[in-house]
Protein chains: 2
Amino acid sequence: MHAEQDPPIKSTATSLDIVETVHGLGGATLPEVVEQFEKPRSTVHDHLKTLTDTGYLVKDGRTFRVSVRFLNLGGRARAESQFFQVAEGEIRQLASDTGEHANLMIEENGRGIFLYKVKGSRSVNLDTYEGMEVDLHTTAMGKTILSEVSERRRDEILDEHGLEPVTAKTITDRDELETELDDIRERGYAIDNEERVEGVRCVAAPITTDNTVVGAVSVSAPKSRMNGERFEETIPSEVLSTANIIEVNLQHV
Amino acid sequence: MHAEQDPPIKSTATSLDIVETVHGLGGATLPEVVEQFEKPRSTVHDHLKTLTDTGYLVKDGRTFRVSVRFLNLGGRARAESQFFQVAEGEIRQLASDTGEHANLMIEENGRGIFLYKVKGSRSVNLDTYEGMEVDLHTTAMGKTILSEVSERRRDEILDEHGLEPVTAKTITDRDELETELDDIRERGYAIDNEERVEGVRCVAAPITTDNTVVGAVSVSAPKSRMNGERFEETIPSEVLSTANIIEVNLQHV
DNA sequence: CCGCTGCATCCGACGTTGTCGGACGATTAA
DNA sequence: TTAATCGTCCGACAACGTCGGATGCAGCGG
């Protein structure tokens, strides 16, 4: 089964691991990184020095931080993706029409990536940032993606990543998720009722071409503004409309 | 002089070099990468395989591309930077007020990084992307940064990166640049008259705290909309106002 | 003022592992 | 089909990443 042979160049892999560790800790000192690794100080030190020498980490006093240098790589990767180019304007329009956060997600390696996020005029600060990765079952966008992939693929993803809760309302039961996904397929859109962040609700719709899901759109807002008809009618129809426009535009690329 | 000792872990450095090569070529096949390196196929292959195994490159048929995975690292680095947090809203406001592209730049290692870019309602597509690096002398924002750093630092930067032209109007003469910088200091803002992209003009202002420049703001637009009073009065005053607001907000962090 | 502690950096020896030429199979083009 | 190009794998050698320990530095408490 799981071949899982490690990559040919291990030092590169550990360097990248260290970057992710620093990233995960939101900045870390050498001993803090050492603690997460089973490697000796001197080894970790060599990696950190290499990464700062090459400009991918920056040393802020005693703590290392991930450099915005990575934004150059990731930003261009995004800018070159046709999906982003097509969707960008529509997401901005959606944010402008609703006055709330509008988001774009893609799936990669079984997890969701916030590819684009636009704040609306009334929107509050959320903890999301462009490039952020989340488990698919924790967001409305992720659930629409799960609802559109094959059962086989869905099992793969759920087996690998599980159903870790992030709030009290996160779906953690597989059967419950399946009925939820049935509902989503029927309705055509998904909702997230404080399943990832307390007090925040989302409405999301999948974006598909040739019966394959390529991403999802959503609107996020504090639940005080996401209720009643707006939550059940207005926002869903705007989200669905945006998803549909993007789908149509994707045909003509 | 230039100690220039290479980083302790060379394989990591070459892996990152390969990522940048793929990035620079906007996607490349194995032989294309080999051509840029003096390393044998098999070595490059090992690096590419490691990078795809770890998910930082994606293989699209035969060509390797930089993964949006990097956006996760760079996006969070940006999101955590106080400068970005303070400036973000103001840049968006500036784009909304002018209807044109509004940009935010910081300097790192002597080059300019587009930290944030917001399209305005009327704005055209530009070749810039968030995270993009440019030589400082090629942009209005970069010139304001050059105008605010010490002469010593300016010499360092210019010695290292030179004055490479990117359009016919790029400033390539050091004396000419110095007089331009004098003008900028006097006026308080800089203009870019098709010095980086044909047909595009920019107006930029520096952002300083404690007499140290920390970045710059600008508005970019096609020259057909950037002329007369708008180019000489309206836009500059809006850009200066935005820079000033950001400066004030930076005091209270 | 002086030892003490924790840290970053450096060093040198060992042995892992990255390197590289070459070979094999797959793929493409003619 | 042939020929050329490409992707992948393999194995031997030597380079270099690893790791324990030593050095030097900064901050703290006695």
Participant: Tell whether B:S42 reaches the base of C:dG21 with its side chain through a donor-acceptor pair below 3.5 angstrom.
Facilitator: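 Donor-acceptor pair under 3.5 Å: yes.
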Participant: Find the distance A:E35:CD to C:dA8:P and express it as a whole number of Å.
Facilitator: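 After rounding, the gap between these two atoms is 13 Å.
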Participant: Rounded to whole Å, please give me the gap between CG in A:D53 and P in D:dG17.
Facilitator: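 Going from CG in A:D53 over to P in D:dG17 covers 13 Å.
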Participant: Under the criterion salt bridge (Lys or Arg N to Asp or Glu O under 4.0 Å), I'd like the reasoning laid out for A:R78 against A:E88: C-alpha separation, chi angles, the key distance, then a yes or no.
Facilitator: CA-CA 11 Å; A:R78 180 178 73 166; A:E88 185 191 3; over 6 Å; no
Participant: At under 4.0 Å between heavy atoms, what does A:T43 touch on the DNA or RNA strands: base, sugar-phosphate, or nothing?
Facilitator: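 Touches a base.
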Participant: Within this structure, what is the CZ-to-C1' distance between B:F64 and D:dT8, rounded to whole angstrom?
Facilitator: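 That distance rounds to 11 Å.
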Participant: With a sphere of 6.0 Å drawn around CZ of B:R41, does it hold more than 12 non-hydrogen atoms of other residues, nucleotides or ligands?
Facilitator: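 Open.
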Participant: Is the distance between the ring centroids of B:Y129 and B:F114 less than 6.0 Å?
Facilitator: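 No - the distance between ring centres of B:Y129 and B:F114 does not fall below the 6.0 Å cut-off.
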Participant: State which of C:dA8, D:dC19, C:dG18 makes the closest approach to the side chain of A:K59.
Facilitator: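 Nearest to the side chain of A:K59 among the choices is C:dA8.
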Participant: How are the rings of B:F70 and B:Y56 set to each other: parallel, tilted or perpendicular (split at 30° and 60°)?
Facilitator: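 The rings of B:F70 and B:Y56 sit tilted, inter-plane angle from 30° to 60°.
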Participant: Take B:K10 and B:T29, find for each the nucleotide of DNA chain D with the closest heavy atom, and name the residue whose nucleotide sits nearer the 5' end.
Facilitator: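 Between the two, 5'-proximity favours B:T29.
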Participant: What is the nucleic acid contact for B:R41, judged by heavy atoms within less than 4.0 Å: base, sugar-phosphate only, or nothing?
Facilitator: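 The answer is nothing, as B:R41 stays clear of every strand by at least 4.0 Å.
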Participant: Between A:P8 and A:P31, who's closer to the 5' end of DNA chain C by nearest nucleotide?
Facilitator: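 It is A:P31, whose closest nucleotide lies nearer the 5' terminus.
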Participant: What is the distance from CG of B:L48 to C1' of D:dC9, rounded to the nearest Å?
Facilitator: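 It is 15 Å, rounded to the nearest whole Å.
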Participant: I need the NE2-P distance between A:H45 and D:dG17, as an integer number of Å.
Facilitator: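 Nearest whole value for this atom pair: 15 Å.
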Participant: Both B:R62 and A:D46 contact DNA chain C. Taking the nearest nucleotide for each, which residue is further toward the 5' end?
Facilitator: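 Residue closer to the 5' terminus by nearest nucleotide: A:D46.
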Participant: Send over the distance from A:E32 CD to C:dG6 P, rounded to a whole Å.
Facilitator: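 The answer, rounded to whole Å, is 15 Å.
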Participant: Between the side chains of B:T128 and B:K117, does any donor sit under 3.5 Å from an acceptor?
Facilitator: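 Yes.
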Participant: In whole angstrom, give the distance that lies between atom NZ of B:K39 and atom P of D:dC16.
Facilitator: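 Taking atom P of D:dC16 as the reference, NZ of B:K39 is at 8 Å.
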Participant: How many whole angstroms separate atom CG of A:L30 from atom P of C:dC10?
Facilitator: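 Rounded to whole Å, this separation is 12 Å.
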